[in-house]
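When reading the values below, keep in mind they use all heavy atoms of this one structure, side chains included, and skip hydrogens, waters and symmetry mates. Since the structure is predicted, the reported quantities are computational estimates derived from the model, not experimental observations.
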Amino acid sequence: MKIRYVLSVFLGVLTLAWAWDALVLNPMAGDWPWMVRKQAIYLSGVWAMGLMSLVMILATRPAWLEPALGGMDRIYRLHKWAGILAIGLGALHWLLELGGGALRGLIGPAIHKPPKVAVLEFMQSSHGLAKDIGEWAIYALLASLVLTLWKAFPYKSWRLLHRAMPLLYLALVFHTVALTPLAWWTQPLGLIMGGLMLAGSVSALPALRRRIGQNRRHAGRIESVRALPCGITEVTCTMDAGWPDHRAGQFAFVTFDPREGAHPYTIASAGPSGARRLTFQIKALGDYTRRLGQSLAAGQAVQVEGPYGRFDHRRGEARQAWVAGGIGITPFLAWLESLQDRPDAAPCAQLHYCVRDAARDPFVERLRALCAPLPNVTLHVHDAGAGQRLDAETLRRAAGVQAGDALDVWFCGPAGLARSLEKGLRALGLKDVPVRREAFEMR
């Protein structure tokens, strides 16, 4: 399910509930510019707080939502964009509140100003404090948004700052409850917002106690650490007896160092049912991953949370195109390994592997060996060093499809390549071809 559809439906429900209150249940009296401003303050606040509640719920990694949203990577992507949108709408809410003076200077004071609305009796004395808390929370959220989008800001420092988000959310819950019109609480809008804020507040507690995903955590030991070409570290772990069977293509949150915290890595192996041996292929993309080869050793304890994800070719059409860029080959390695004992279960698939230097790449020969016993899977290596680039026409030609034909494209790799392929496929008339991406980002 596309993120924009989920957000559109979510905001649409909140908007309808607000409109029912503003236009039917509690229509506001007064000069129309001031009524518009007041209702805009309410609506932007409802949007922002509803989205912030959604962000907190999604932060708990609710595995029960994976089937509906398409996997934990999609849940985290929704978490990210809901947070960005919530902060933007919160800033709008704050600016509308500050805009009273500007409106007065533009059109003059209100002759018939909308009346003040009653709030919960026990919150009446907290009106001023709630406004101040809301203002400072917006400052903090805007700063956190800048640091989230600024990729040069160290991940470790960002992660520590991100732990303060549940506290900011609870502060905003106080702000909202103290300023919400009393009449709302027994009407659809108040019931919806009350339910969202209750769920968000309950979700904030495990986040504050650092217990998110605790019931899916498993202990293990590092079995081996191996340095591969192109800055890749292969780590093999043996898990405890409680580790559940994972599906090829899933990922897990791995904690090698509690001070560093958990990082998501695709499980690049697919053992038989009951196997407790996991392999991770980790690309050096930052200071932490560059040091892994030197900091890890056999016998070291490891904690793995998962498995998560629904990147699974069995959910697709009979004819497929698998596209991997660089370290994005890891879920496809697990897929191929899972098919070795049952080659007839493999779909008719064209595997496109895009690399910078095929001669030095650590996976090309392994891919050839894994694809050899699978008659339905054809490997294509696109070597950028030799001037070979994958485009939509090459993808279409290899799959042997025309406009209107059924094809599923499974993609894991750079976002720029995915966007280029999607645009190219649309230009070729293959508008209905889904490009199923593993879209996991921690920030």
Side-chain angles (χ1 to χ4, degrees), residues 61 63 72-73 156 213-309 311-312 324 326-342 353 360-371 373 412 438 440 442:
R61 299 176 194 151
M72 190 58 66
D73 58 326
K156 187 174 182 179
Q214 185 180 29
N215 61 342
R216 298 177 71 94
R217 296 178 191 171
H218 302 273
R221 293 280 173 186
I222 295 177
E223 183 180 307
S224 65
V225 180
R226 189 160 65 104
L228 301 179
C230 303
I232 294 171
T233 302
E234 180 184 85
V235 183
T236 301
C237 305
T238 302
M239 303 306 299
D240 63 23
W243 175 258
D245 290 340
H246 67 276
R247 297 187 304 273
Q250 289 190 296
F251 68 88
F253 291 92
V254 184
T255 302
F256 294 118
D257 181 352
R259 294 170 299 181
E260 179 65 28
H263 288 255
Y265 301 117
T266 298
I267 303 171
S269 57
S273 178
R276 295 183 286 115
R277 198 163 178 261
L278 308 180
T279 298
F280 302 98
Q281 308 286 356
I282 303 171
K283 176 76 172 178
L285 298 174
D287 291 341
Y288 171 69
T289 47
R290 275 194 290 269
R291 296 193 305 267
L292 277 182
Q294 292 74 44
S295 61
L296 301 182
Q300 184 175 324
V302 63
Q303 185 181 83
V304 181
E305 178 194 329
Y308 294 109
F311 197 73
D312 189 342
I327 199 61
I329 194 62
T330 50
F332 301 105
L333 287 172
W335 283 5
L336 294 170
E337 188 175 308
S338 70
L339 293 168
Q340 295 303 296
D341 294 333
R342 44 193 186 94
Y353 182 35
R360 294 186 62 245
D361 188 86
F363 302 121
V364 170
E365 290 306 317
R366 183 178 172 192
L367 286 170
R368 288 174 178 153
L370 288 171
C371 289
C412 187
E438 189 173 52
F440 203 92
M442 287 292 285

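Partners of F311 under the ring-ring contact (aromatic ring centres under 6.0 Å, His included) rule, at least two apart in sequence or in another chain, are F332, W335, W410. With sequence neighbours excluded, the residues forming a side chain to side chain contact (heavy atoms under 4.5 Å, CB included) with Q303 are R217, T255, listed by chain and number. Checked against side chain to side chain contact (heavy atoms under 4.5 Å, CB included), L228 has the following partners two or more places apart in sequence or in another chain: R226, I232, E234, Q281, P362, F363. Take Y288 and apply the ring-ring contact (aromatic ring centres under 6.0 Å, His included) test, not counting sequence neighbours, and it matches H263. Shown here are the salt bridge (charged side-chain N to carboxylate O under 4.0 Å, His left out) partners of R216, two or more places apart in sequence or in another chain: there are none. Here D240 pairs with nothing under the side-chain hydrogen bond (donor to acceptor under 3.5 Å, both in side chains) rule; sequence neighbours left out. Considering only residues two or more places apart in sequence or on other chains, P373 meets the side chain to side chain contact (heavy atoms under 4.5 Å, CB included) condition with Q340. Legend: residues meeting side chain to side chain contact (heavy atoms under 4.5 Å, CB included) with E223, ordered by chain and number and at least two apart, are T236, T238, R277. For R259, the side-chain hydrogen bond (donor to acceptor under 3.5 Å, both in side chains) partners at least two apart in sequence or on another chain are D257. Checked against salt bridge (charged side-chain N to carboxylate O under 4.0 Å, His left out), R290 has the following partners two or more places apart in sequence or in another chain: D287.
Atoms OH and CG, on Y265 and L278 in that order, are 14.0 Å from each other to the nearest 0.5 Å. For the atom pair H246 NE2 and S269 OG, the distance stands at 5.0 Å (nearest 0.5 Å). The distance from the CD1 atom of I282 to the OG1 atom of T266 is 10.5 Å, given to the nearest 0.5 Å. In this structure, the separation between CG on L285 and CD1 on I327 is 8.0 Å, given to the nearest 0.5 Å.
Among residues at least two apart or in separate chains, salt bridge (charged side-chain N to carboxylate O under 4.0 Å, His left out) pairs with a member in residues 297-308 are R61-E305.
Side-chain atoms of V225 and T233, non-hydrogen and from C-beta on, do get closer than 4.5 Å to each other.
Nearest approach of P244 to G306, heavy atoms of both residues: CG-O, 4.1 Å. Taking all atoms of both residues into account, the shortest heavy-atom contact from A268 to L333 is O-CB, 4.0 Å. Taking all atoms of both residues into account, the shortest heavy-atom contact from D361 to Y353 is OD1-OH, 2.8 Å. The shortest heavy-atom contact between Y308 and G213 is OH-CA, 4.3 Å. The minimum heavy-atom distance between F253 and A262, with the atom names listed, is CB-CB, 3.9 Å. Contact record, P307 with I267: CB-CD1, 4.4 Å, taken as the closest heavy-atom pair.
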For residues 292-301, run the donor-acceptor check on the side chains, cut-off 3.5 Å, and write out each pair with its distance to 0.1 Å, sequence neighbours left out.
| from | atom 1 | to | atom 2 | distance (Å) |
| --- | --- | --- | --- | --- |
| S295 | OG | R291 | O | 3.1 |
| S295 | OG | L292 | O | 3.4 |
| Q300 | OE1 | A297 | N | 3.3 |

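Within a 6.0 Å sphere centred on CZ of R360, other residues, nucleotides and ligands contribute 12 heavy atoms or fewer.
Checking side-chain atoms of K283 against main-chain N and O of C230 turns up a donor-acceptor pair under 3.5 Å.
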